[in-house]
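Notes for the one structure printed next.
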Amino acid sequence: MSTQANTPSSSPAPSPAPSPASGERTGWRTGKPGRIEALAALTALEGAALVVGGIYMLVMGMLGRPQSPTQAVTGGATLIALGLIPLAGARGLLLRRSWGRGPTVITQIMGAPVAYTLLKSHGALIPTGIVLAAVVITALVLLFNPATTRELGMDRRPRPASGGDT
């Protein structure tokens, strides 16, 4: 049995976490997931799907019998490179960096026409298009939400003076 639990600590009490209204930017936020965490999760999901698709194309290009092995390998490498864009954006969003918004916007701009093309196709690609369209629309709504903009420190509106000299 430890006696440290009953002895007073000489270290100072932990300071409360800064509130979003205080204007302080933090790394990881505690508590339930919010807009930025959901946006980062959707963006990371898109990036992971691109990377997995790229790895599949690379493996099938090298081990399978594609019409053009060079084209399969190039396509796989391109998908992997494109998958790194949303993964970087998701990391930036989780760290509350304003630059994380750029790769996320690029990802959604690239995803919208892909979703449209999938919706116009046949068979099992239609449900895939529906899911991708839902992810793109949800991410764009979360991305351009004013609260998200404020939390990322991108709000350009002047803050009211707090009485007194500034």
Side-chain angles (χ1 to χ4, degrees), residues 17-156:
S19 69
S22 69
E24 293 184 47
R25 292 169 46 191
T26 60
W28 294 90
R29 185 171 64 163
T30 59
K32 65 180 182 175
R35 278 179 213 86
I36 293 190
E37 286 81 6
L39 179 58
L42 289 173
T43 305
L45 177 70
E46 290 171 312
L50 285 168
V51 169
V52 168
I55 291 171
Y56 176 78
M57 281 183 74
L58 273 174
V59 169
M60 294 311 291
M62 289 188 277
L63 302 178
R65 295 182 183 259
Q67 277 185 318
S68 171
T70 304
Q71 197 172 24
V73 171
T74 303
T78 301
L79 281 181
I80 291 171
L82 288 174
L84 296 177
I85 294 171
L87 291 174
R91 184 173 190 281
L93 289 171
L94 284 175
L95 295 174
R96 304 293 192 273
R97 303 290 189 255
S98 60
W99 59 261
R101 190 173 175 187
T104 305
V105 169
I106 291 169
T107 302
Q108 306 322 313
I109 289 171
M110 290 187 321
V114 173
Y116 179 78
T117 303
L118 290 172
L119 288 171
K120 294 294 183 183
S121 63
H122 303 328
L125 295 178
I126 293 174
T128 305
I130 292 170
V131 170
L132 181 57
V135 168
V136 166
I137 291 169
T138 303
L140 286 171
V141 167
L142 291 171
L143 190 61
F144 292 111
N145 187 309
T148 303
T149 304
R150 274 192 306 276
E151 197 167 338
L152 289 174
M154 298 176 72
D155 193 6
R156 301 285 186 218

task = In sequence, state the C-alpha distance, the side-chain angles, and the governing distance for Glu46 and Val136, and then conclude on side-chain contact (heavy atoms from CB on, under 4.5 Å).
result = CA-CA 9 Å; Glu46 290 171 312; Val136 166; 3.9 Å; yes
ask   = Run the side-chain contact (heavy atoms from CB on, under 4.5 Å) check on Asn145 and Thr149 step by step: do they pass?
value = CA-CA 6 Å; Asn145 187 309; Thr149 304; over 6 Å; no
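Between Leu152 and Ser98, the closest heavy-atom pair is O-CB, 3.7 Å. Between Leu119 and Ala133, the shortest heavy-atom distance links the atoms CD1-CB, 4.4 Å. The shortest non-hydrogen separation linking Gly61 to Ala72 is CA-CB, 3.6 Å. Nearest heavy atoms, Pro103 versus Gly100: CD-O, 3.6 Å. Counting all heavy atoms, side chain and backbone alike, Ala124 lies closest to Pro127 at O-CD, 3.2 Å. The two residues Ala40 and Ala90 come nearest to each other via the heavy atoms O-CB, 3.4 Å.
Distance check, rounded to the nearest 0.5 Å: CG of Leu84 to CG of Leu79 gives 11.0 Å. Distance check: Leu42 CG to Leu140 CG gives 10.5 Å after rounding to the nearest 0.5 Å. Summarising the geometry, atom CG belonging to Leu82 is positioned 10.5 Å from atom CD1 belonging to Ile106; distances are rounded to the nearest 0.5 Å. Here the CG-CG distance, from Leu93 to Leu143, works out to 7.5 Å after rounding to the nearest 0.5 Å. Taking CD1 of Ile80 as the reference point, atom CG of Leu87 lies at 11.5 Å (rounded to 0.5 Å). Leu142 CG to Ile36 CD1: the interatomic distance, rounded to the nearest 0.5 Å, is 9.5 Å.
Although no hydrogens or angles enter the test, the distance criterion places no donor-acceptor pair under 3.5 Å between the side chain of Arg91 and the main chain of Gly89. A donor-acceptor contact shorter than 3.5 Å links the side chain of Glu37 to the backbone of Gly34. Ser121 places a side-chain N or O within donor-acceptor distance of the main-chain N or O of Leu118, the cut-off being under 3.5 Å.
Between Arg35 and Glu151, none of the side-chain N atoms (NZ, or NE/NH1/NH2) sits under 4.0 Å from a carboxylate O, so this pair counts as no salt bridge.
Looking at heavy atoms from C-beta onward, Arg101 lies in side-chain contact with Phe144 at the 4.5 angstrom threshold.
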